[in-house]
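In what follows, a single structure is set out as structure tokens and then discussed.
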Amino acid sequence: MGQKMRELVEELHKIRSEVKQMGGAEKVKQQHERGKLTVRERLDILFDKDSFLLETGILGTEPGPERTPADGVVTGFGKVDGRWIGVIAYDYTVKGGSMGFVNEIKCTRIRELCLRWKIPLVWLIDSGGARISAQTATAMGGGLAGEAIAYFANSGWLFKEESIMSGVIPLVCAQMGPGYAGTAYIPGLADVVFMVKGKSFMGLGGPSLVKMVTGETIDEENLGGSKIHTEISGCADNEYPDDPSCLKAVREYLSFMPSSNEEKPPRKKYDGDPLALLDDKILDVLPDNPKQAYDMHRIISLILDNGEFFEIKPKWARNIIVGFGRIGGYVVGIVANNPMFYGGVLDVNASDKAARFIWLCDAFNIPLVFLADVPGFMVSSKTEKEGLIRHGAKMIHAVAEATVPKFTVIVRKAYGAGYYAMCGKSFDPDIIVAWPTGEISVMGPEGMVSIFAKKQLESMTPDEAREFTAQMAESIRPYIDIKKPAGWGFIDDVIDPRETRRVLYLALELTENKKVLRERRKHGVYPV
């Protein structure tokens, strides 16, 4: 090696070392004082040990005399559980992780390669949004800072590209800090969004912009913190107490996903016997009173391998449960009504939550298991004003067009259009079975009484009406008993609840090579 080359290589390693110091010791200290890890500490947790092997654009810097290490974003490729993924991780210690000119060139390159190579893309967002920098503006505008404003006309590639990538490769967003304006739409377009309690925020504008536009004074937490988005808006999926637990959740989520829509999800070795009957305690989950609530999570935990369930949006629209688990090592997506909340009825948010999850599973070849105990869709003036018809239609549309294996277990009641939305017989379930407690009907027996005995009920006192309704409902209940549709061949079987896991495992084996041909179209006209 010649002397000149030695000098150049030595200089290169010096620059690389300096870049890895990020924004410098003081900025790193401030990041830690906020209770947050640095971007490179986060990558050490996200990736398998020593597997972040290809960092791209490490020499990137904002145009001008001041060096901005990696231009505020670390990009590249590493391995999670031995599989390659791409990463875009914003560095808050450098210009607040803002999106500068070179910063976005680096990100565009990663998006392009992940799509080309069909590997998942993970964003770690800790960014103040678009960069407003006099240095960049001057450099780009030929000395006239204002000239650079026109460059906005050539922006927006990020949002277009993320939309095109959707459903082709898994798109995962971990909101590790702020994400305003441009960096708020990254999670908005991702498959899932994980947030850190008290540390991460999402919003189309920060508190200062909200104050300027509306006059409202509000802090980040109440404007777009994790509680707002995981419990109220539904814009985020899960909330975690700190950076490490959030990053470990990203790894776990990816374990359920294939690398692209061209593959099946990875099957995990299971040491137990998937054909064995479940423990007798599953017989004790349902209360004897058919109107009494219970927590559907208890059934889910008994069905899945080792009781492990990765729930999505657990704090939002809690009347429906969605998430991932495994049965005999096969990945499945669970869609289950939860009678603990609003009796498991389907309302606006529950319909949206279920529809999006079904689309996610269908996009990435994940079989769907429906556990039905649904009284139907909510009936009220409030839900009509909220547009439940179109939101409910969204869920029905998602179930109808899904071509992955679909398995329906009617745990208790399946009434009205709720039966359809939970993959009733006409929605092509590959297997549809019921527990002996199952009921299928256009509505519950009390609802029927309220219609056919309307005039009689109007002439009664409230106490008389309640007693009459209860008596008539009990006389109707035998006619909606699950043995009726089973006897006519409308469902495949009535099973012992202890057989549930065995039946689902066999169905997963039988449908492993399922293919469905649909009418040629670009896409449906989706209800909104």
Supply the atom-to-atom distance Leu37 CG to Leu46 CG, rounded to the nearest 0.5 angstrom.
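If we round to the nearest 0.5 Å, Leu37:CG and Leu46:CG are 12.0 Å apart.
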Spacing of Phe377 atom CZ and Leu346 atom CG [to the nearest 0.5 Å]
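One gets 4.5 Å once the value is rounded to the nearest 0.5 Å.
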Can you establish whether the number of heavy atoms outside Phe310 located under 6.0 Å from its atom CZ is more than 12?
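It does: Phe310 CZ has more than 12 such atoms within range.
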Taking atom CG as the centre, does Leu8 end up with more than 12 heavy-atom neighbours from other residues, nucleotides or ligands that are less than 6.0 angstrom away?
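More than 12 heavy atoms, drawn from other residues, nucleotides or ligands, come within 6.0 Å of this atom.
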Salt-bridged, [X] to [Y], with N to O below 4.0 Å?
X      : Y      : value
Asp126 : Arg42  : yes
Lys313 : Glu231 : no
Lys14  : Glu10  : no

Run through Phe47, Phe77, Trp84 and flag the one making a side-chain contact (heavy atoms from CB on, under 4.5 Å) with Leu53.
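Answer to the side-chain contact (heavy atoms from CB on, under 4.5 Å) test with Leu53 among Phe47, Phe77, Trp84: Trp84.
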Do any side-chain atoms of residues 196-210 form donor-acceptor pairs under 3.5 angstrom with protein atoms, and if so which ones, sequence neighbours left out?
unit_1: Ser200; atom_1: OG; unit_2: Gln175; atom_2: O; d: 3.2
unit_1: Ser200; atom_1: OG; unit_2: Val196; atom_2: N; d: 2.8
unit_1: Ser200; atom_1: OG; unit_2: Val196; atom_2: O; d: 2.9

Which is it for Tyr330 and Glu512 under the side-chain hydrogen bond (donor to acceptor under 3.5 Å, both in side chains) test, yes or no, and what are the steps along the way?
CA-CA 10 Å; Tyr330 287 105; Glu512 197 165 2; 3.1 Å; yes
Between the main-chain N or O of Gly82 and the side-chain N or O of Asp48, is there a donor-acceptor pair closer than 3.5 Å?
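Present.
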Is Asn365 reaching over with its side chain to a backbone N or O of Lys264, donor-acceptor style, under 3.5 angstrom?
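No; zero donor-acceptor contacts below 3.5 Å.
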Within 45° of the six-membered ring axis of Trp157 and under 6.0 Å from that ring's centre, is NZ or CZ of Lys160 located there?
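Judged by the rule (NZ or CZ under 6.0 Å from the ring centre, within 45° of its axis), Lys160 is not positioned above Trp157.
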Give a yes/no verdict on a cation-pi contact between Lys36 and Tyr92, requiring under 6.0 Å between NZ or CZ and the six-membered ring centre and an angle within 45° of the axis.
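The answer is yes, since Lys36 meets both limits relative to Tyr92.
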Classify the ring geometry of Phe324 against Phe357: parallel below 30°, tilted from 30° to 60°, perpendicular beyond 60°.
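The rings of Phe324 and Phe357 sit tilted, inter-plane angle from 30° to 60°.
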Start with the C-alpha gap between Glu239 and Lys227, add the side-chain angles, then the distance that decides, and say whether salt bridge (Lys or Arg N to Asp or Glu O under 4.0 Å) holds.
CA-CA 8 Å; Glu239 176 189 62; Lys227 181 179 177 66; over 6 Å; no
Criterion salt bridge (charged side-chain N to carboxylate O under 4.0 Å, His left out) against Glu55, the qualifying member of Arg40, Lys20, Arg109
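Single salt bridge (charged side-chain N to carboxylate O under 4.0 Å, His left out) partner of Glu55 among Arg40, Lys20, Arg109: Arg40.
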Below 6.0 angstrom between ring centroids: does that apply to Tyr240 and Phe194?
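Ring-ring flag for Tyr240/Phe194: true, centres closer than 6.0 Å.
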Quick one, Trp359 with Phe364, criterion ring-ring contact (aromatic ring centres under 6.0 Å, His included). Give me CA distance, side-chain angles, the key distance, then yes/no.
CA-CA 9 Å; Trp359 278 321; Phe364 293 111; over 10 Å; no
